[in-house]
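A quick note: this is a predicted structure, and the numbers were derived from the prediction, not measured. Starting from 1, each residue takes its place in the sequence as its number. Quick note: numbers below take in every heavy atom, side chains included, and nothing from hydrogens, waters or symmetry partners.
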Amino acid sequence: MGQKSNIDTLTRFRVNKKAGVIDNKGNVIVKPIYDLLVLSCRDSLIAVTKNERDGFIDRNGKVVIPLIYKFAFSFHNGLSLVQDTIGNSGFIDERGKVRIPLIYGAFTFDSFKSIYSSGLIRKATDMMFGYVDSYDKTVIPYEYEEAEVFLDNNAIVGKKDQWSIVLYGTINKNNQVQIPLEYNYLEYQYNGLYFAGKFFNFGKPDYHYAMGCVNSRNEIVVPFKYDSIQLRQKHLYIKGNECHELELENYIACNIREEGWRIVDIRNGKETACCYKDVGEVKGGYLEVMNDKWGLVDSLGNMKISLIYDFVQIYDDAVVAVRKNNKWAYFKTDGTKTADFVYDYVTEFRLGYALVKQNGKFHLIDRTGKLKLANYPMDVKEGAYIHHPVQGNNTLLFCKKGKYGLMNMEGKIIFPAKSEEAILFVR
C-alpha cells in the first residue's frame, strides 16, 4: 500500500451551463452560478470563473480571493499561478497576497511545468530555464534548454550538445548533476527509476538507438538493448472510503523488434516471460499478453490464463475480466473462473461492486457475483442507465435523458437527473 487520501465529499454539477457544488447526500453547497469551477480534494479553496474572470471560493461558497484575474490555476503547496487582465503572470498565496509580482510574460511560467514543487518553481527567461523559490529568488540559474519539475528532489534537465541535439540528465536542488546529461530520452518513473534512450556508436556501422533503465545514481538496472519499453502508470483503487495507490511493480514490459515483448525485472535486469506479439499492463505481478489470442502470465512467465481469449483486462491484484465471443466473464489471477461468459459489458470492482450488463439490463454485483442493485433498465427512449459507485459506499451515478443525478445503493434518488455533466467525486 502506498499513500492514501479520503474521497472528497464535495463535487461539481452543472445546470443551465453554470457550475455549482453538491455533497454526497445531494445537498447543494454552492449554487450553480459559475461558468467554470475546479475542485480538488487536496485544496481548501476552489478555483471559479464568472464573466471571464477567475478567483477562489472556500468550501462553503464564500469568495475568499476576488474574481479579478484573467486566469487563476489551482493551488499547489500554497501557491497559485495567476494572470492579470493585461496578460502578466505571477504567483499568489491562499490569502490572495502576491508572492511573485505579476510582471512576467505569459510564457515565463508554464502552468503545468512551473508548478511549485519541492520548494522550487520552474521559470524561463530568454528561452532558457532555471528555478526560483517562492519569493522569485533565483536558486538555479537559467542555463537549460529544457527542464521539468522536481520529483523526489531531482529534476530532469536538458542541454544542447555540439550538434544542437538536446541531451537529458538530472540535477538536485543545488544544481549538482546526478545523472549526466547524455541521454536522448529520459523519463522518471518511481523510486529513483528512469526510463532512458540513447544513440550508440554514432558514425559507425553498428550505430543504433536503444532503451534501458537507470537509477538516480546513473547505474544501469535494465540493459540498453530494447527498442521500446511499456510506459507505466500508477494505479489507484478504493478500499472502504479511502483511495489507495498500488505499489508499482518490480517488473516492466520491454520489446525487441522481430523477437517480441517480455517481462524484465528492474532489480536485476533479468528477463522472465518471453516472447509475445503484444502486451497490456503489468499489474499485481501479472501481465496481459497476446500472440494470436490474449491470456495472462505471472512475472515468472507462468501461464495463468491460456492464450485463447479475445481480450483480457487486469482490474486489480485479484480480478481479471475476460472476453470470448463478445461475452465477458470474471476470472481470478490464478486462472479460476468466478463468473461465466454471460455479460455484454463489465467494469472493474469499485468500492466492492462492479457494473455489468446482461440481457439489456444493468446490475451491480459484488465480488461473489451476488446482485446488489438488479434489473435497472436500459431505456433506449429515455437514455437511462446507471454508472459505478462514485463516493463512499452509498452513492451511485445515473443518467436519464442525457442528464446526470445521484441515487443510493438501494435505488433511491438523492439528487435528480438535472446536471449537464457527470457528477464524479474526486479523490
Side-chain angles (χ1 to χ4, degrees), residues 7 11 13 24 235-239 280-281 283-284 286 288 290 293-296 305-306 308-333 335-425 427:
I7 299 174
T11 193
F13 73 106
N24 63 317
H235 298 284
L236 304 178
Y237 71 99
I238 304 301
K239 183 178 181 181
E281 293 188 272
K283 190 187 297 185
Y286 300 90
E288 305 158 359
M290 187 272 280
K293 293 284 188 176
W294 285 89
L296 188 76
I305 298 177
S306 300
I308 60 174
Y309 297 104
D310 299 327
F311 197 71
V312 297
Q313 174 68 59
I314 307 173
Y315 283 140
D316 55 38
D317 57 2
V319 178
V320 184
V322 179
R323 189 181 72 200
K324 184 178 182 181
N325 298 327
N326 292 321
K327 294 291 184 180
W328 290 89
Y330 286 109
F331 282 62
K332 293 182 180 179
T333 49
T336 305
K337 185 166 59 175
T338 58
D340 211 345
F341 291 92
V342 295
Y343 300 119
D344 302 306
Y345 170 84
V346 297
T347 64
E348 75 271 30
F349 283 86
R350 190 180 298 173
L351 300 169
Y353 299 97
L355 179 64
V356 298
K357 181 183 178 183
Q358 184 179 9
N359 299 325
K361 293 184 178 181
F362 284 88
H363 319 280
L364 284 182
I365 62 172
D366 63 19
R367 288 179 180 270
T368 68
K370 183 179 178 180
L371 293 175
K372 173 64 178 178
L373 183 62
N375 297 323
Y376 194 91
M378 179 61 177
D379 190 321
V380 177
K381 183 177 180 180
E382 293 191 347
Y385 55 93
I386 55 175
H387 291 261
H388 265 100
V390 293
Q391 199 279 335
N393 294 307
N394 202 39
T395 310
L396 190 68
L397 178 68
F398 75 97
C399 180
K400 189 173 183 179
K401 294 184 178 180
K403 300 289 182 69
Y404 295 90
L406 298 174
M407 65 172 67
N408 64 24
M409 297 293 283
E410 285 69 48
K412 180 181 178 181
I413 293 175
I414 59 176
F415 186 77
K418 64 180 183 178
S419 176
E420 294 157 2
E421 63 181 27
I423 304 170
L424 300 173
F425 290 86
R427 302 178 177 93

Point to revise | Nearest heavy atoms of Gln358 and Asp344, plus distance in Å | key: CA-OD2, 4.1 Å
Review point. For Phe415, what residues pass the ring pair (Phe, Tyr, Trp, His ring centres under 6.0 Å) criterion, not counting sequence neighbours?
Key: Phe13
Study note, to complete from the structure: Here the pair of heavy atoms bringing Leu396 nearest to Asn408 is CB-O, 4.4 Å
Review point. Between Lys403 and Ala417, which heavy-atom pair has the shortest distance, and what is it?
Key: CB-O, 3.3 Å
Point to revise | Partner residues of Lys370 under the side-chain contact (heavy atoms from CB on, under 4.5 Å) criterion, sequence neighbours left out | key: Asp366, Thr368
Review point. What closest approach, in Å, do Leu371 and His363 show between heavy atoms, and which atom pair accounts for it?
Key: CD2-CB, 3.6 Å
Point to revise | Partner set under side-chain hydrogen bond (donor to acceptor under 3.5 Å, both in side chains) for Ser306, not counting sequence neighbours | key: none
**Study point:** Shortest non-hydrogen contact between Phe341 and Lys327, atoms and distance
**Key:** CD2-O, 3.4 Å
**Study point:** From OH (Tyr404) to CD1 (Ile423), nearest 0.5 Å
**Key:** 10.0 Å
Study note, to complete from the structure: Across all chains, not counting sequence neighbours, the side-chain hydrogen bond (donor to acceptor under 3.5 Å, both in side chains) partners of Glu421 are Arg12, Arg14
Practice item. Taking salt bridge (Lys or Arg N to Asp or Glu O under 4.0 Å) as the test, write out the residues that go with Lys337, two or more places apart. Key: Asp340
Study note, to complete from the structure: ring pair (Phe, Tyr, Trp, His ring centres under 6.0 Å) filter on Trp328, not counting sequence neighbours, yields none
Review point. Just by distance, do the side chain of Glu288 and the backbone of Ile314 share a donor-acceptor pair under 3.5 Å?
Key: yes
Exercise for review: Mind checking side-chain hydrogen bond (donor to acceptor under 3.5 Å, both in side chains) for Lys293 and listing every partner two or more places apart, or none if nothing turns up?
Suggested key: Asp310
Practice item. State, yes or no, whether a side-chain contact exists between Glu348 and Val319 at a heavy-atom distance under 4.5 Å. Key: no
Point to revise | Shortest non-hydrogen contact from Phe349 toward Ile365 | key: CE2-O, 3.7 Å
Review point. About how many Å separate OG1 of Thr11 and CG of Leu406, when rounded to the nearest 0.5 Å?
Key: 8.5 Å
Review point. Are the side chain of Thr347 and the backbone N or O of Leu355 linked by a donor-acceptor pair below 3.5 Å?
Key: yes
Study note, to complete from the structure: The side-chain hydrogen bond (donor to acceptor under 3.5 Å, both in side chains) partners of Lys418 (sequence neighbours excluded) come to none
Review point. For the residue pair Tyr315 and Tyr330, does the interplanar ring angle fall in the parallel (under 30°), tilted (30 to 60°) or perpendicular (over 60°) class?
Key: tilted
